[in-house]
*Asks:* 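One structure, pasted below without further comment.
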Amino acid sequence: MSHAPRENDTRKLLDWDALEIGEKFPPFTYVLTQAMIDEYRKGVMDPEAAFPTISHKVDVRQYNDAYRDNGSVNARCSFHCYNAPIAGKRITVQAWIADKYARRGKNYIVTEAVSVDEDGRLLDRVITHELKQPSEVGKKWQ
């Protein structure tokens, strides 16, 4: 997911070399509604699905609010689900740069995000590896 260029874009241009592991982003908070849960369950075709928090891209939202870049390709993502979220509860997501690495001449960043509800219940932890040079995808088939 990348934002389209905007004239008054105040986000920092990603400088992969200067990006610091451990950089925390401002927390993101929202109220989980029953409609969000219903939409998620419909989308995954499971009327019992319990973790709609993972469907709202909250794992990379804070990065995308802070930085602009040439886009990305999701290289790997892991979800650790602990307590099912409850409709009507306020959820706070704290995300940070967990790692960055280069592999085969390509730059990757790793964001980690933890969701906690208003009662302090740990809901989930999402770890996302993103290739920050999306133009590299498909080159091996050329």
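Quantities reported herein were computed from a predicted structural model and do not represent experimental measurements.
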*Asks:* Treating Ile, Leu, Val, Met, Phe, Trp and Tyr as nodes and any side-chain heavy-atom pair under 4.5 angstrom as an edge, say whether V93 and L123 lie in one connected cluster.
*Replies:*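 Yes, one cluster joins them.
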*Asks:* Check for me, please, whether W96 and F28 land in the same ILVMFWY cluster - side-chain distances under 4.5 Å, paths through other members count.
*Replies:*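 Different hydrophobic clusters.
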*Asks:* Cluster question for you: counting only ILVMFWY and a side-chain heavy-atom cut-off of under 4.5 Å, with indirect links fine, are L122 and I127 together?
*Replies:*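 No; I127 is not reachable from L122 via cluster members.
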*Asks:* The test is side chain to side chain contact (heavy atoms under 4.5 Å, CB included); show your working for L19 and I109 and say whether it passes.
*Replies:* CA-CA 9 Å; L19 188 68; I109 65 167; 3.5 Å; yes
*Asks:* CZ of R121 to OG of S115: how many Å apart, nearest 0.5 Å?
*Replies:*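 Answer rounded to 0.5 Å: 12.0 Å.
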*Asks:* For side-chain hydrogen bond (donor to acceptor under 3.5 Å, both in side chains), just list the numbers for D69 and Y63, CA-CA rounded to whole Å, side-chain angles, deciding distance to a tenth of an Å, and then say yes or no.
*Replies:* CA-CA 10 Å; D69 57 36; Y63 166 84; 2.6 Å; yes
*Asks:* To the nearest 0.5 Å, tell me how far S72 OG sits from Q133 CD.
*Replies:*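 Between S72 OG and Q133 CD, I get 11.5 Å after rounding to 0.5 Å.
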*Asks:* Considering all heavy atoms of both residues, which atom of P85 and which atom of A50 are nearest to each other, and what is their separation?
*Replies:* CD-O, 3.0 Å
*Asks:* Would you list the pairs meeting salt bridge (charged side-chain N to carboxylate O under 4.0 Å, His left out) in which at least one residue belongs to residues 40-49, sequence neighbours left out?
*Replies:* none
*Asks:* Counting only heavy atoms not in Q34, do more than 12 sit closer than 6.0 Å to its CD atom?
*Replies:*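 More than 12 heavy atoms, drawn from other residues, nucleotides or ligands, come within 6.0 Å of this atom.
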*Asks:* Holding to salt bridge (Lys or Arg N to Asp or Glu O under 4.0 Å), I want the full list of residues that pass it with K12, two or more places apart in sequence or in another chain.
*Replies:*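 K12 satisfies salt bridge (Lys or Arg N to Asp or Glu O under 4.0 Å) with E23 once adjacent residues are dropped.
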*Asks:* What closest approach, in Å, do M36 and V31 show between heavy atoms, and which atom pair accounts for it?
*Replies:* SD-O, 3.7 Å
*Asks:* Is D124 close to V114 at the side-chain level, that is, under 4.5 Å between some pair of heavy atoms?
*Replies:*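 The answer is no; the side chains never approach within 4.5 Å.
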*Asks:* Indicate yes or no for a side-chain donor-acceptor contact from D15 to the backbone of D17 under 3.5 Å, with no hydrogens or angles considered.
*Replies:* yes
*Asks:* Please answer whether the main-chain N or O of V116 pairs with a side-chain N or O of K89 as donor and acceptor at a distance below 3.5 Å.
*Replies:* no
*Asks:* Is L14 close to K132 at the side-chain level, that is, under 4.5 Å between some pair of heavy atoms?
*Replies:* yes
*Asks:* Roughly how far, to the nearest 0.5 Å, is NZ of K24 from CD of Q62?
*Replies:*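 Spacing of CD (Q62) from NZ (K24) equals 11.0 Å.
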*Asks:* Assigning hydrophobic clusters by single linkage (Ile, Leu, Val, Met, Phe, Trp, Tyr; side-chain heavy-atom cutoff under 4.5 Å), is V126 placed with Y82?
*Replies:*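 No; tracing contacts between hydrophobic side chains, which count when under 4.5 Å, never links both residues.
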*Asks:* Taking atom CG of D117 and atom CG of N83, what is their separation to the nearest 0.5 Å?
*Replies:*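 If I round to the nearest 0.5 Å, the distance is 8.0 Å.
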*Asks:* V110 and side chain to side chain contact (heavy atoms under 4.5 Å, CB included): which partner among R76, E130, H129, K100?
*Replies:*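 With V110 as partner, side chain to side chain contact (heavy atoms under 4.5 Å, CB included) holds for just one option, H129.
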*Asks:* Determine the minimum heavy-atom distance between P27 and T92, stating which atoms define it.
*Replies:*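 Heavy-atom minimum between the residues: CB-CG2, 3.9 Å.
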*Asks:* What distance do W16 atom CH2 and K106 atom NZ have between them, rounded to the nearest 0.5 Å?
*Replies:* 13.0 Å
*Asks:* Nearest 0.5 Å please: distance from the OH atom of Y67 over to the CD1 atom of I97.
*Replies:* 6.5 Å
*Asks:* Would you check if the side chain of T29 reaches a backbone N or O of I91 as a donor-acceptor pair within less than 3.5 Å?
*Replies:* yes
*Asks:* Closer than 4.0 angstrom, basic N to acidic O: yes or no for R11 and D9?
*Replies:* yes
